[in-house]
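Notes for the one structure printed next.
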Amino acid sequence: MLAGAGLLGVTAGGAGFLAGDRQRGGGAASPAGEPGEIVPFHGAHQAGIATPAQDRLAFGALNIAPGATRADLRDLLREWTVAAARMTRGEPAGQTARPQVPPLDTGEAASSPAARLTITIGYGPGLFGRPGLAGKKPAALAPLPPLPGENLDPGRSGGDLCVQACSDDPLVAFHAVRNLARLGMGVVEHAWMELGFGRTSTTTAGQPTPRNLMGFKDGTRNIKAGQAGLMRDHVWVGAETDQPWLRGGSYLVARRIRMFIENWDRDYLQDQQRVIGRDKASGAPLSGGTEFTPPDFAATAAAAEPVIPATAHIRLASPEHNGGTRILRRGYSYTDGIDPRTGTLQAGLFFVAFMKDPGQFARIQRSLAGDALGEYIQHTSSAVFACPPGLHPGQHWGEALFG
């Protein structure tokens with residue numbers, strides 16, 4: 001549910017588990033995921049987009065540090081590529097045994113398995129304000145316009161770069177973002193960060209549909225990686241872009257969505273189901289069938305009222321209501337403790353989605369202006385990034401930008 005735009009090792013020697021049947025090269029990860037399973041770093045697209053969604057997220061947004069040069073940024077992206085490839089294999093970000101210098105890896109994930117770690121990077125609009133990069137900025141890359149249901153915190157929005165680390169081990173995901181930020185000291189600095197647990201979407205047909213913090217199945221109608229036509233038409237950037245370097249990449253939209261949990265928990269089950277448009281237990285649309293039965297938005301009750309209410313979330317977020325517009329959702333639940341002003345939970349959905357144009361998200365979010373769910377949620381942060389395509393061995397991030 002919360003479809004569309006609705007509701008974040010090895011042994012010290014580095015060889016350890018890489019031998020034997022715990023390493024899987026080349027193929028897609030299984031839905032369940034084995035502790036030491038490795039998702040290939042290289043490929044036509046960056047991992048972490050169509051990859052079977054992992055259980056944990058660490059998402060970091062960074063800004064270019066004052067005084068950093070174009071050459072500094074180019075060299076950092078090259079260094080990040082090497083470190084990211086190592087970490088996704090379960091190796092340290094770097095290796096050094098010299099006690100007189102800082103270690104090249106912070107060490108907290110030593111002996112941890114790869115746990116299907118993927119590291120995905122993106123470039124924010126501000127990056128292209130750097131000297132020599134203005135001509136590389138995609139026309140579609142811009143901060144999102146004001147949208148319904150938002151009260152944005154500037155301190156949790158935007159960013160010149162993003163690092164999305166997904167893994168089945170929360171320490172492994174955090175370690176990846178921490179170490180890339182550490183490698184970038186003096187070139188980049190933290191803008192904001194979010195940690196996510198409990199994925200709220202499926203990206204492959206073999207994964208069971210998870211539930212969000214409202215207790216509903218989430219992402220039932222999400223695009224699946226195996227649907228090549230939908231991925232081509234809605235997710236992967238193609239020849240339509242004005243920047244050839246972005247072809248095969250995607251745009252990432254991140255939104256932090258606060259859920260007013262206590263208000264929702266006091267609502268009647270029947271009303272909750274009408275707000276969403278689905279049965280809470282089974283996930284089936286209120287028009288009948290099973291979870292994966294297509295909703296019948298034309299179905300009416302005895303009084304000629306729509307069985308799926310006109311303000312139901314699944315109706316307003318649906319492709320049928322948005323001219324066929326779709327996006328690939330890849331969000332996570334989050335919690336940041338207790339709001340000291342109200343004594344209520346600061347929790348909700350860290351919404352992440354990929355698409356071939358950020359306008360897809362904006363269109364769906366505008367459709368949700370009359371969403372009954374709007375009473376229970378509020379968008380509190382916003383960011384958009386252009387994620388370059390995948391790399392082949394020997395290539396590095398930033399190569400197409402800097403030559």
Side-chain angles (χ1 to χ4, degrees), residues 1-3 5-8 53-63 108-109 144 147-159 162-178 181 189-201 210-219 253-269 271-273 275-276 280-281 313 329-353 365 368 371-383:
M1 213 42 16
L2 301 185
L7 302 173
L8 212 298
Q54 302 96 317
D55 291 335
R56 302 286 184 148
L57 166 79
F59 190 99
L62 304 105
N63 288 326
E108 72 273 17
L144 293 168
L147 294 168
E150 64 184 18
N151 182 18
L152 302 182
D153 177 358
R156 288 182 175 268
S157 298
C162 76
V163 177
Q164 173 194 270
C166 299
S167 174
D168 290 329
D169 184 326
L171 181 61
V172 168
F174 173 80
H175 170 265
V177 176
R178 177 187 179 187
E189 50 194 24
H190 289 290
W192 53 273
M193 188 174 186
E194 193 67 61
L195 302 178
F197 67 92
R199 59 183 175 84
T200 60
S201 62
R211 293 181 185 270
N212 57 41
L213 296 186
M214 289 179 161
F216 278 78
K217 291 190 174 186
D218 206 335
V253 168
R255 305 275 286 189
R256 189 172 184 266
I257 304 175
R258 170 102 182 255
M259 293 178 176
F260 301 114
I261 298 288
E262 290 79 5
N263 292 350
W264 177 258
D265 291 344
R266 288 193 291 267
D267 204 356
Y268 297 131
L269 174 61
D271 190 47
Q272 289 184 357
Q273 294 181 155
V275 165
I276 301 299
K280 191 169 187 176
H313 182 76
R329 299 175 61 257
R330 202 182 166 88
Y332 288 82
S333 296
Y334 78 87
T335 180
D336 286 338
I338 306 300
D339 187 334
R341 301 166 301 172
T342 62
T344 57
L345 283 169
Q346 295 194 100
L349 170 67
F350 186 66
F351 174 93
V352 178
Q365 188 62 28
L368 292 168
D371 186 4
L373 188 60
E375 179 182 348
Y376 303 96
I377 65 172
Q378 185 176 73
H379 290 232
T380 60
S381 76
S382 180

Side chain [X], main chain [Y], donor-acceptor under 3.5 Å:
X: W192; Y: P154; answer: no
X: D168; Y: D55; answer: yes
X: S201; Y: G219; answer: no
X: S167; Y: V172; answer: no
X: E150; Y: H379; answer: no
X: T380; Y: R256; answer: yes

Self-check item: Residue pair R329, L349: steps toward the side-chain contact (heavy atoms from CB on, under 4.5 Å) verdict
Solution: CA-CA 12 Å; R329 299 175 61 257; L349 170 67; 4.3 Å; yes
Quick one: [atom1] on [X] to [atom2] on [Y], what's the gap to the nearest 0.5 Å?
X: I377; Y: L368; atom1: CD1; atom2: CG; result: 7.5 Å
X: I276; Y: N212; atom1: CD1; atom2: CG; result: 7.0 Å
X: L62; Y: E189; atom1: CG; atom2: CD; result: 9.0 Å
X: Y334; Y: F59; atom1: OH; atom2: CZ; result: 14.5 Å
X: R178; Y: E108; atom1: CZ; atom2: CD; result: 4.5 Å
X: C166; Y: R330; atom1: SG; atom2: CZ; result: 4.5 Å

Would you say that [X] contacts [Y] through its side chain, given a criterion of any heavy-atom pair below 4.5 Å between the two side chains?
X: F216; Y: Q272; result: yes
X: Q365; Y: L144; result: no
X: T342; Y: E262; result: no

Exercise. Start with the C-alpha gap between R258 and T344, add the side-chain angles, then the distance that decides, and say whether side-chain contact (heavy atoms from CB on, under 4.5 Å) holds.
Key: CA-CA 11 Å; R258 170 102 182 255; T344 57; 3.3 Å; yes
Where do [X] and [Y] come nearest, in terms of heavy atoms and distance?
X: V177; Y: M193; value: CG1-CE, 3.7 Å
X: Y376; Y: D271; value: OH-OD2, 3.7 Å
X: A165; Y: A173; value: CB-O, 3.5 Å
X: E375; Y: F260; value: O-CD1, 4.1 Å
X: A281; Y: K217; value: O-CE, 4.3 Å
X: D371; Y: V275; value: OD1-O, 4.5 Å

Practice problem: Any pair with a residue in residues 340-353 that passes salt bridge (charged side-chain N to carboxylate O under 4.0 Å, His left out), sequence neighbours left out, goes on the list, sorted by first then second residue, please. | Solution: D339-R341
Exercise. In sequence, state the C-alpha distance, the side-chain angles, and the governing distance for W264 and L213, and then conclude on side-chain contact (heavy atoms from CB on, under 4.5 Å).
Key: CA-CA 10 Å; W264 177 258; L213 296 186; over 6 Å; no
Exercise. State plainly whether the residues R156 and D336 are in salt-bridge range, i.e. N to O under 4.0 Å.
Key: yes
